[in-house]
Every structure is written in structure tokens, then in C-alpha cells.
Amino acid sequence: MKKLTLLVIGRHDLILDLLLNQLNQIENWEAIGTLEDEKAIELFHQYKFDFVVLGSGIPQETQAKYRKLFRLQNPHVNIIQHAGGTSDKLEFHIRNIAENQQNGSLNVLDNPFQV
């Protein structure tokens, strides 16, 4: 599997640090995170991310802004809502999407009805 890059956007400092630590321990994964909206947009412009992980606590309007802006810049980016729980669940979800896309068997939209 190719190296995956992830942008993790959160609202809780300790949870973000824990999640980044766990994700960066996975072979061929590189996760960068922030708590700040402007920093998230800046990072997205600087790097080519395969996944954006939206943590809990981000207002719906801000999530919609991210989805619209990020998809304009990179229509193939996968945007995942992570409402908490274990990083194992998140890892399984990301691996499943990445493997299916690599095989050409899945075109992922996180929520096709959301702006």
C-alpha cells in the first residue's frame, strides 16, 4: 500500500494529540493535525492529503466549509467524520477505503447529500 497522508482537524487538544500519536505509529501513514480552522486550510493548501479526518465538536457550518473548499482543490480527497471512539475503528475505516480505491472498486463520497 502506498503512503497515506492524513489531515486531522479537531477541537480537543488532548484527543487530537492522542489520535495523531496513534495514527503516526501506523506504517506508511503520516498524520498532521490542528485545532485551528485557518491552519487546517493552510495545511491543506500546502500538502496533498489522501484523507481529512474531522473530529467531534466541529460545527456543521465549518464542516460544510471544509468539504466545499477541500473538494474544490482536490476532488479525490476522502473526508471522514470521526465522532470519537478508538483509533482502531478509524484505522479500519481508512484502510478499507484506501484498499478499495486502490483496487478500483469503490468511489467514496463521505455524504453525497451534504454540501
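Not measured: the values here are computed from a predicted model.
Side chain of Glu91 to main chain of Leu23: no donor-acceptor pair is present (N/O by atom type, distance under 3.5 Å, no hydrogens or angles).
Checked against side-chain contact (heavy atoms from CB on, under 4.5 Å), Ile94 has the following partners two or more places apart in sequence or in another chain: Leu4, Leu6, Trp29, Phe51, Val53, Ile80, Leu90. For Leu69, the side-chain contact (heavy atoms from CB on, under 4.5 Å) partners at least two apart in sequence or on another chain are Ile41. Every side-chain hydrogen bond (donor to acceptor under 3.5 Å, both in side chains) that Thr5 has, sequence neighbours left out, goes to Asp50. Remark: Leu43 pairs with Leu7, Ile32, Thr34, Lys39, Gln46, Tyr47, Phe49 by the side-chain contact (heavy atoms from CB on, under 4.5 Å) rule, at least two apart or across chains. For the side-chain hydrogen bond (donor to acceptor under 3.5 Å, both in side chains) test, no residue two or more places apart in sequence or in another chain qualifies with Glu42.
In terms of heavy-atom proximity, Ile9 sits nearest to Ala40 at CD1-CB, 3.6 Å. Residues Ala31 and Val8 approach most closely at CB-CG2, 4.4 Å, considering heavy atoms.
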Trace of the side chain to side chain donor-acceptor pair (under 3.5 Å) decision for Asp88 with Gln22: CA-CA 9 Å; Asp88 293 340; Gln22 291 171 338; over 6 Å; no
Worked check of side-chain contact (heavy atoms from CB on, under 4.5 Å) between Gln81 and Gln63: CA-CA 9 Å; Gln81 177 71 44; Gln63 290 183 38; 2.8 Å; yes
Test side-chain contact (heavy atoms from CB on, under 4.5 Å) applied to Arg95 and Ile26, step by step: CA-CA 11 Å; Arg95 282 188 189 281; Ile26 300 169; 3.0 Å; yes
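Contact check for His12 versus Leu35: no side-chain heavy atoms found under the 4.5 Å cut-off.
Pairs engaging residues 20-37 under the salt bridge (Lys or Arg N to Asp or Glu O under 4.0 Å) rule: Lys3-Glu30, Arg11-Asp37 [sequence neighbours left out]. Applying the salt bridge (Lys or Arg N to Asp or Glu O under 4.0 Å) definition to pairs two or more places apart or across chains, none involves residues 14-23. Applying the ring pair (Phe, Tyr, Trp, His ring centres under 6.0 Å) test to pairs two or more places apart or on separate chains, those with a residue in residues 52-73 are Phe44-Phe70, Tyr66-Phe70.
For the atom pair CG of Leu54 and CD1 of Ile58, the computed distance is 5.0 Å after rounding to the nearest 0.5 Å. For the atom pair CG (Asn100) and CD1 (Ile97), the distance works out to 8.5 Å, reported to the nearest 0.5 Å. Expressed to the nearest 0.5 Å, how far CD of Gln60 lies from CZ of Arg67 amounts to 7.5 Å.
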